[in-house]
J.: 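Take this structure first; my questions come after.
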Amino acid sequence: MKLLPSSLSLLTLFVGALACPDEEGHDHHVHKREFPTAPLTPPSRPLVWGDLNIIHTTDSHGWLLGHQKSSFPEPNYSADFGDFASFVSHMKEIALEKDVDLLLVDSGDLHDGTGLSDGFPPGGVDAHETNKFITQLPYDVMAIGNHELYIYANTLDMYQNFVPKLNGRYLSSNVNITVADKHGKPVKRFTKFKTQKGRSVTALGVLFDFTGNDVNTTVQPVAQMVKESWFADAIKNEPDFFLLVGHMPVQRDDWPLVFNAVRAVHRTTPILILGGHSHIRDCVQLDGRSMSLESGRYMETVGWMSMDFDRNSRDKTKNLTFTRRYMDPNRVTFEYHAGRSNFTFDTRTGQSITRGLEQLSKNFDLDFFFGTAPQDYTLSRSPYPSNGSLLTLFATQALPVALAINNSRADIPNVIITNSGSQRFDVYAGPFTKNDQLTASPFTDSFLFIPNITAEIANKVLPALNNAGADERRRSFFREMYGRGHVEHLYRAWLEDMDRRSGIDRRASKNLTLGYVTSDACAGIGDDTLHSPLPFYDSPDFIASNPPKVSNDTLIDLVFVDFIEDQLLEILNAVQTGKTYTDADVSLYTPILANAALGLYAQEAWN
Ligand SMILES: *[C@@H]1O[C@H](CO)[C@@H](O)[C@H](O)[C@H]1NC(C)=O
Ligand SMILES: *[C@@H]1O[C@H](CO)[C@@H](O)[C@H](O)[C@H]1NC(C)=O
Ligand SMILES: *[C@@H]1O[C@H](CO)[C@@H](O)[C@H](O)[C@H]1NC(C)=O
Ligand SMILES: *[C@@H]1O[C@H](CO)[C@@H](O)[C@H](O)[C@H]1NC(C)=O
Ligand SMILES: *[C@@H]1O[C@H](CO)[C@@H](O)[C@H](O)[C@H]1NC(C)=O
Ligand SMILES: *[C@@H]1O[C@H](CO)[C@@H](O)[C@H](O)[C@H]1NC(C)=O
Ligand SMILES: *[C@@H]1O[C@H](CO)[C@@H](O)[C@H](O)[C@H]1NC(C)=O
Ligand SMILES: *[C@@H]1O[C@H](CO)[C@@H](O)[C@H](O)[C@H]1NC(C)=O
Ligand SMILES: *[C@@H]1O[C@H](CO)[C@@H](O)[C@H](O)[C@H]1NC(C)=O
Ligand SMILES: *[C@@H]1O[C@H](CO)[C@@H](O)[C@H](O)[C@H]1NC(C)=O
Ligand SMILES: [Zn+2]
Ligand SMILES: [Zn+2]
């Protein structure tokens with residue numbers, strides 16, 4: 001099973017591991033990054049600066065060249081990491097002018113998501129190259145994410161090449177790595193430092209109770225971590241503020257354990273929490289002298305938090321003033337807040353990062369061209385089934401074409417079944433490249449088949465699979481999968497809520513552009529640029545090709561993606577009783593893997 005947990009379907013239990021995708025050899029067309037051509041709307045209002053300010057990134061997952069497609073709402077997230085570096089540099093200057101503190105913080109998941117991180121040639125290590133660019137930004141604190149821990153080689157690479165560049169500011173409070181060389185320096189569990197303005201900080205880097213980590217790494221449950229003696233020692237002395245960074249959603253999960261452990265010792269010290277992992281925009285205040293912020297995913301959001309310290313020591317029981325903002329990362333947003341024009345915005349470091357990333361894209365051949373997508377295909381903005389649905393495209397168009405290539409069974413009618421978690425990101429109109437393939441459909445699963453099933457029986461399998469998940473079974477499945485890092489259901493629930501909540505005033509927001517419309521538990525409006533909500537449509541857990549146009553008694557091939565084998569056999573034995581099917585009846589259908597299907601289809605259908 002070669003998968004990332006984010007591809008898990010319901011009712012599937014297995015251990016995740018990511019394999020390196022196949023290379024394809026064809027002629028090369030180079031496509032330049034598309035700058036948005038439409039005039040971009042500026043943010044709604046200036047950021048509110050305080051005594052202490054934080055720029056926050058999380059779950060960037062390799063999206064360092066930003067979102068490059070011209071379909072909505074991608075231009076909103078079109079800034080690349082060079083633009084972001086220029087932005088941070090200007091904001092640092094503004095902080096100096098205002099004589100306030102500005103910190104840059106990241107909450108983990110640097111790996112797995114685009115060709116820049118995952119499109120490395122054989123022998124490479126995921127995110128090794130992108131990490132070099134991240135170290136060029138002046139991050140004050142970073143925390144480890146679960147995607148740094150699925151494959152030991154990635155963790156080791158971080159440990160050897162990335163962590164040392166952070167000078168003790170890469171924190172891993174409850175995660176250990178075992179290295180063969182016993183002289184390896186331990187990754188710091190916490191750090192204490194002074195800000196530019198001389199304020200003392202105690203910082204942690206906490207990971208949720210993740211269970212999908214690879215050998216030679218260990219994750220200690222948060223509940224145990226807060227009982228460690230090092231933890232008690234670390235928080236004993238009162239700093240000017242606690243900076244609790246971690247790869248853990250701010251509204252669920254175990255932040256209260258860490259918060260309460262600190263509050264038990266320091267009743268009034270400001271606590272700033274910067275979380276991540278569930279890929280949403282979110283904010284909550286655990287008390288009036290603390291704020292928790294989570295800043296989305298895939299460089300679709302850059303977070304902002306600000307706070308004013310007490311004006312005098314008698315105020316110590318009063319609520320502190322906090323603000324938070326979710327910025328859409330694009331040059332218009334950055335220029336607006338940095339007070340720069342397009343011509344004075346770029347710094348030399350920023351430009352060199354952009355050039356370096358573009359060169360990396362060339363080195364990895366990420367512009368390798370498969371075909372031109374005629375329209376957008378999305379995961380949740382079009383109903384399933386429909387011609388705008390990526391799941392419909394994948395199951396009813398791409399798989400039937402791709403799996404038939406060089407296949408002696410291609411003439412035998414079939415039904416092909418896969419899971420809806422098999423796709424990770426939307427496909428947009430325009431060139432479909434190696435980068436798009438790695439981004440949308442990265443999972444290297446095989447396809448298996450059982451021959452000689454009547455069409456009548458084969459057609460019953462998909463609905464039976466989708467009906468098999470009783471509510472309680474679903475809930476316990478999600479609990480289990482959450483431990484292994486699966487968060488797509490939380491992100492989708494957020495989109496669904498946004499769509500439902502804003503459905504009523506969608507008319508009023510008609511003049512706005514599509515994007516995230518955040519409703520969190522903090523005061524005031526969080527979104528920096530106001531949007532009309534993205535439409536959301538749910539989809540079933542399992543999807544399939546169209547039923548073949550044959551009579552009910554025709555013997556056909558029942559084809560399915562490998563990791564649903566156990567459930568499929570169970571269901572097949574429930575919808576018929578003529579034969580008890582076992583693993584012995586299953587064979588490999590084709591050597592072509594799931595991650596190649598969209599590219600092969602694009603070569604045939606989109607040229
Ligand atoms: C966001 O994208 C929309 C298209 O949906 C575009 O019209 C708008 O100008 C963009 N806003 C910014 C700030 O990029
Ligand atoms: C795990 O650590 C042990 C002891 O250091 C070592 O022998 C083994 O090769 C390591 N495993 C991997 C996958 O690196
Ligand atoms: C990590 O290592 C430290 C000592 O280096 C040890 O005290 C701690 O129990 C380890 N944690 C886990 C989860 O293995
Ligand atoms: C202080 O903040 C807390 C938590 O946000 C809130 O419940 C409380 O009402 C606030 N108190 C005042 C006096 O504003
Ligand atoms: C803004 O600057 C970028 C990068 O230098 C350039 O590609 C773009 O054309 C400029 N846009 C405008 C509107 O001048
Ligand atoms: C998809 O459906 C829409 C609306 O029904 C239609 O306008 C469009 O032409 C269709 N696209 C394709 C590629 O069939
Ligand atoms: C199909 O077979 C041809 C001829 O052997 C080969 O060149 C091609 O790469 C194969 N296609 C795939 C997708 O395996
Ligand atoms: C499938 O049926 C065909 C003819 O109906 C037969 O030749 C073949 O052996 C069968 N295959 C299996 C695996 O039962
Ligand atoms: C959209 O309309 C509302 C009032 O209907 C107005 O307040 C807002 O400024 C408008 N936004 C844009 C981007 O024009
Ligand atoms: C095929 O089987 C289905 C399900 O058993 C049944 O509803 C349908 O009427 C059958 N079709 C024919 C043409 O017999
Ligand atoms: Zn993530
Ligand atoms: Zn994560």
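Start at 1 and go down the list; that is how both ligands and their atoms are numbered.
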J.: Are the side chains of Met291 and Met305 in touch, meaning some heavy atoms are under 4.5 Å apart?
T.: yes

J.: Name whichever N, O or S atom of Asp109 ends up nearest to the Zn ion (ligand 12).
T.: OD2

J.: Does the protein come close to atom 5 (O) of ligand 10 - that is, does one of its heavy atoms sit below 4.0 Å from that atom?
T.: yes

J.: With side-chain contact (heavy atoms from CB on, under 4.5 Å) as the test, would you mind laying out the steps for Ile592 and Phe447 before giving the verdict?
T.: CA-CA 8 Å; Ile592 290 168; Phe447 286 89; over 6 Å; no

J.: Using a distance threshold of 2.8 Å, state whether an N, O or S atom of His277 lies below it from the Zn ion (ligand 12).
T.: yes

J.: Scan His147, His111, His277 and name whichever one has a ring-ring contact (aromatic ring centres under 6.0 Å, His included) with His61.
T.: His147

J.: Evaluating non-hydrogen atoms only, which member of Asn406, Asn407, Ile405 is closest to atom 8 (C) of ligand 7?
T.: Asn406

J.: Under 6.0 Å between the ring centres of Tyr77 and Trp63?
T.: no

J.: At less than 4.0 angstrom from any non-hydrogen atom of Glu456, what atoms of ligand 10 do you find?
T.: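 Those qualifying, in numeric order: 2 (O), 4 (C), 5 (O).
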
J.: Identify which of Ile457, Asn552, Val575, Asn459 has a heavy atom lying nearest to atom 1 (C) of ligand 10.
T.: Asn552

J.: Any N/O/S of His247 under 2.8 Å from the Zn ion (ligand 12)?
T.: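 Short answer: yes, at least one N, O or S atom is under the cut-off.
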
J.: Relative to each other, are the rings of Tyr298 and Phe425 parallel, tilted or perpendicular (30° and 60° limits)?
T.: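 Tyr298 and Phe425: perpendicular rings.
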
J.: I'd like to know: is the Zn ion (ligand 12) within the 2.8 Å range of an N/O/S atom from Ser278, strictly under that distance?
T.: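 No N, O or S atom of Ser278 is closer than 2.8 Å to the Zn ion (ligand 12), so no.
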
J.: Please determine whether salt bridge (charged side-chain N to carboxylate O under 4.0 Å, His left out) holds for the pair Arg325 and Asp527, giving the CA-CA distance in whole Å, both sets of side-chain angles, and the decisive distance to 0.1 Å.
T.: CA-CA 6 Å; Arg325 194 76 66 79; Asp527 295 317; over 6 Å; no

